[in-house]
2 protein chains.
Amino acid sequence: MHEYDTYEEVLRSNGLKNTKHRNEILDLISKSEKPMTADDIYINLKKHNVSINISTVYRILDTLVSKNIIIKSNITGDSKALYELNRQEHKHHLICSGCRKMFTVDECPLEDYEKSLSNKLDFDITGHKLEIFGYCKECKNLYKDKK
Amino acid sequence: MHEYDTYEEVLRSNGLKNTKHRNEILDLISKSEKPMTADDIYINLKKHNVSINISTVYRILDTLVSKNIIIKSNITGDSKALYELNRQEHKHHLICSGCRKMFTVDECPLEDYEKSLSNKLDFDITGHKLEIFGYCKECKNLYKDKK
DNA sequence: TTAGTTGCAAATCGTTTGCATCAAG
DNA sequence: CTTGATGCAAACGATTTGCAACTAA
């Protein structure tokens with residue numbers, strides 16, 4: 001399975017034109033294990049000598065979000081939005097309040113909980129976002145006293 | 001226990017001066033069951049004939065966040081930050097993708113999960129944020145087909 | 001008195017938009 | 001050819017900042 005073909009298919013099957021920029025952005029996001037900001041993407045493309053405008057980056061991201069190909073979020077709490085591939089198997093993140101690094105966890109403990117909530121509240125649950133905060137191995141000692 | 005005394009104590013015990021504005025903002029946030037934006041707070045104060053500047057609202061919110069008295073987040077995904085009291089007993093929210101209303105749930109299924117994660121990853125967990133998305137009772141029928 | 005707090009206006013930052021040009025289908 | 005995609009510059013909205021005036025301690 002060749003990558004280009006895959007991205008093209010993703011785009012086509014969503015009624016989107018198959019442009020170079022869209023392919024490049026999809027490729028970047030697909031290959032990143034962590035959510036990226038619009039600027040991360042812009043900088044990264046520039047670094048690889050791709051000529052693109054920041055507003056185009058935003059427009060492409062919006063389009064991909066609207067088609068549910070990628071997910072927009074804001075975990076770290078700062079002002080920039082984060083974008084990540086909408087992968088079937090979802091992951092959660094641990095965010096270190098010390099160094100702001102993000103760690104990924106695979107397990108998700110919420111399936112049963114969601115079912116019971118769904119019944120109790122008559123709410124049709126489509127997804128969730130879980131972020132866990134704390135201090136990582138390296139930072140826990142440095143920040144221990146600040147508690 | 002009189003409210004004013006409480007807010008004053010919260011402020012003093014964090015080394016903050018006990019000002020009228022800080023009391024008013026703490027009072028507002030304490031009495032709201034849902035997270036508020038800086039603008040919500042500003043508008044609400046104005047409505048109650050409190051003369052305050054929007055930049056002061058932001059500054060007070062920043063200060064309270066830095067002291068961990070309130071929590072800053074961004075759940076709904078739009079550009080505005082949300083602020084809520086850092087309550088001991090925490091709650092989670094269901095957000096309706098249709099009408100954007102927020103529903104509050106009391107239970108939290110994550111304590112055991114956090115303990116096991118903490119051990120496994122040598123991460124010192126201090127808290128988490130869980131948001132669940134879907135369609136509420138009223139919207140689930142309207143949006144069912146858009147899936 | 002003095003360090004911390006506030007108002008005001010201007011600045012900043014992330015993001016969006018109008019419009020003319022360009023490229024995919 | 002026609003519709004949608006892009007670049008550019010200007011607009012926007014949320015938040016931040018510099019500075020002078022003020023107020024709690």
Side-chain angles (χ1 to χ4, degrees), chain A residues 4-5 7-28 35-46 49-67 69-83, chain B residues 4-5 7-28 35-46 49-67 69-83:
Chain A
Y4 181 83
D5 292 317
Y7 302 140
E8 179 170 2
E9 182 144 353
V10 169
L11 292 170
R12 278 191 210 293
S13 65
N14 280 283
L16 299 173
K17 283 187 180 171
N18 176 46
T19 72
K20 195 160 161 278
H21 287 340
R22 284 178 178 164
N23 272 271
E24 285 156 342
I25 289 182
L26 265 179
D27 189 46
L28 251 184
M36 304 177 83
T37 66
D39 212 56
D40 288 341
I41 292 167
Y42 179 67
I43 301 281
N44 195 306
L45 290 177
K46 286 282 176 191
N49 298 309
V50 174
S51 161
I52 191 171
N53 190 278
I54 185 68
S55 69
T56 303
V57 173
Y58 279 109
R59 274 195 277 233
I60 290 178
L61 290 172
D62 280 356
T63 305
L64 298 177
V65 167
S66 78
K67 297 295 184 183
I69 299 166
I70 63 174
I71 294 168
K72 179 180 182 178
S73 69
N74 178 307
I75 337 187
T76 46
D78 70 326
S79 52
K80 299 177 196 167
L82 293 168
Y83 300 86
Chain B
Y4 179 83
D5 292 319
Y7 300 140
E8 179 171 1
E9 182 146 352
V10 169
L11 292 171
R12 278 191 209 294
S13 66
N14 280 284
L16 300 174
K17 283 188 180 171
N18 177 45
T19 71
K20 196 161 161 277
H21 286 340
R22 284 178 178 163
N23 272 271
E24 284 155 343
I25 289 182
L26 265 180
D27 189 46
L28 250 184
M36 305 177 83
T37 66
D39 212 56
D40 288 341
I41 291 166
Y42 179 68
I43 301 280
N44 195 306
L45 290 176
K46 285 281 175 190
N49 298 309
V50 174
S51 162
I52 192 172
N53 190 277
I54 185 69
S55 69
T56 302
V57 173
Y58 278 109
R59 273 195 277 232
I60 290 178
L61 290 172
D62 279 357
T63 305
L64 298 178
V65 167
S66 78
K67 297 295 183 183
I69 299 167
I70 63 174
I71 295 167
K72 178 179 182 177
S73 68
N74 178 309
I75 336 188
T76 47
D78 69 327
S79 52
K80 300 176 196 166
L82 293 169
Y83 300 86

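Note on naming: letters A, B, ... go to the chains in the order of the sequence lines (proteins, then strands), and numbering restarts at 1 for each one. Model, not experiment: these values are computed from the prediction.
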For this session: Please tell me if the side chains of B:Y83 and B:M36 come closer than 4.5 Å, counting only heavy atoms from C-beta onward.
Result: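 When only atoms from C-beta onward are counted, B:M36 and B:Y83 do not touch, as no gap falls below 4.5 Å.
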For the pair made of [atom1] in [X] and [atom2] in [N], what is the distance, rounded to whole Å?
| X | N | atom1 | atom2 | value |
| --- | --- | --- | --- | --- |
| B:N74 | C:dT15 | CG | P | 11 Å |
| B:I43 | D:dA14 | CD1 | P | 10 Å |
| A:M36 | C:dT15 | CE | P | 14 Å |
| B:L64 | C:dT5 | CG | C1' | 13 Å |
| A:D62 | D:dT6 | CG | C1' | 14 Å |
| B:K80 | C:dT15 | NZ | C1' | 15 Å |
| B:N14 | C:dG4 | CG | C1' | 15 Å |
| A:Y83 | C:dG14 | OH | P | 12 Å |

Exercise. Any idea which of D:dT6, C:dG7, D:dA14 is nearest the B:H21 side chain?
Worked result: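 Selected nucleotide (nearest to the side chain): C:dG7.
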Exercise. In terms of the nearest nucleotide of DNA chain C, which residue is placed more toward the 5' end: B:G15 or A:A81?
Worked result: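 Looking at the nearest nucleotide for each, B:G15 comes out on the 5' side.
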Exercise. Should B:Y58 be listed as having a side-chain N or O under 4.0 Å from OP1 or OP2 of D:dT15?
Worked result: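 For D:dT15, OP1 or OP2 has a side-chain N or O of B:Y58 closer than 4.0 Å.
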Problem set entry | Polar side-chain atom of A:D27 near backbone of A:N23 as donor-acceptor pair, under 3.5 Å |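 Absent.
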Exercise. Does the A:R22 side chain pair with the main chain of A:L11, one donor and one acceptor, at a distance under 3.5 Å?
Worked result: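 Judged by distance alone, no pair lies under 3.5 Å.
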For this session: Write down the atom of B:L26, the atom of B:V10, and the distance for their closest heavy-atom approach.
Result: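 Minimum heavy-atom separation between B:L26 and B:V10: CD1-CG1, 4.4 Å.
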Exercise. Between B:A38 and B:V57, which heavy-atom pair has the shortest distance, and what is it?
Worked result: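 So the minimum-distance heavy-atom pair works out to O-CG1, 3.7 Å.
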Using the side-chain contact (heavy atoms from CB on, under 4.5 Å) criterion, which residues pair with [X]? Sequence neighbours excluded.
| X | result |
| --- | --- |
| A:T56 | A:H21, A:I52, A:N53, A:I60 |
| B:K46 | B:Y42 |
| A:I71 | A:E84, A:N86 |

Exercise. Under the side chain to side chain donor-acceptor pair (under 3.5 Å) test, which residues partner B:D39, sequence neighbours left out?
Worked result: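 Checked B:D39 against side chain to side chain donor-acceptor pair (under 3.5 Å); zero matches.
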For this session: Just jot down the side chain to side chain donor-acceptor pair (under 3.5 Å) partners of A:T37, sequence neighbours excluded, or say none.
Result: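 Side chain to side chain donor-acceptor pair (under 3.5 Å) list for A:T37, sorted by chain: A:D40.
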Exercise. Can B:L61 and B:K72 be said to form a side-chain contact (heavy atoms from CB on, under 4.5 Å), step by step?
Worked result: CA-CA 9 Å; B:L61 290 172; B:K72 178 179 182 177; over 6 Å; no
For this session: Any pair with a residue in residues 52-67 of chain A that passes salt bridge (Lys or Arg N to Asp or Glu O under 4.0 Å), sequence neighbours left out, goes on the list, sorted by first then second residue, please.
Result: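 Not a single pair qualifies under salt bridge (Lys or Arg N to Asp or Glu O under 4.0 Å).
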For this session: Please list residues of residues 49-57 of chain B whose heavy atoms come under 4.0 Å from any atom in DNA chain D, ordered by number; otherwise none.
Result: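 Heavy-atom contacts with DNA chain D come from B:S55.
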Problem set entry | Sugar-phosphate or base contact per nucleotide [nucleotides 19-25 of chain C; S, B, -; heavy atom under 4.0 Å] | -----BS
Exercise. Quantified as the angle between the terminal helix axes (five pairs each), what is the overall bend of the helix from C:dT1-D:dA25 to C:dG25-D:dC1 to 10 degrees?
Worked result: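 The two end axes of the helix from C:dT1-D:dA25 to C:dG25-D:dC1 meet at 40°.
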For this session: Tell me what B:D39 touches on the nucleic acid: a base, only sugar-phosphate, or nothing, going by heavy atoms under 4.0 Å.
Result: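 Answer is nothing: B:D39 stays at 4.0 Å or more from every strand.
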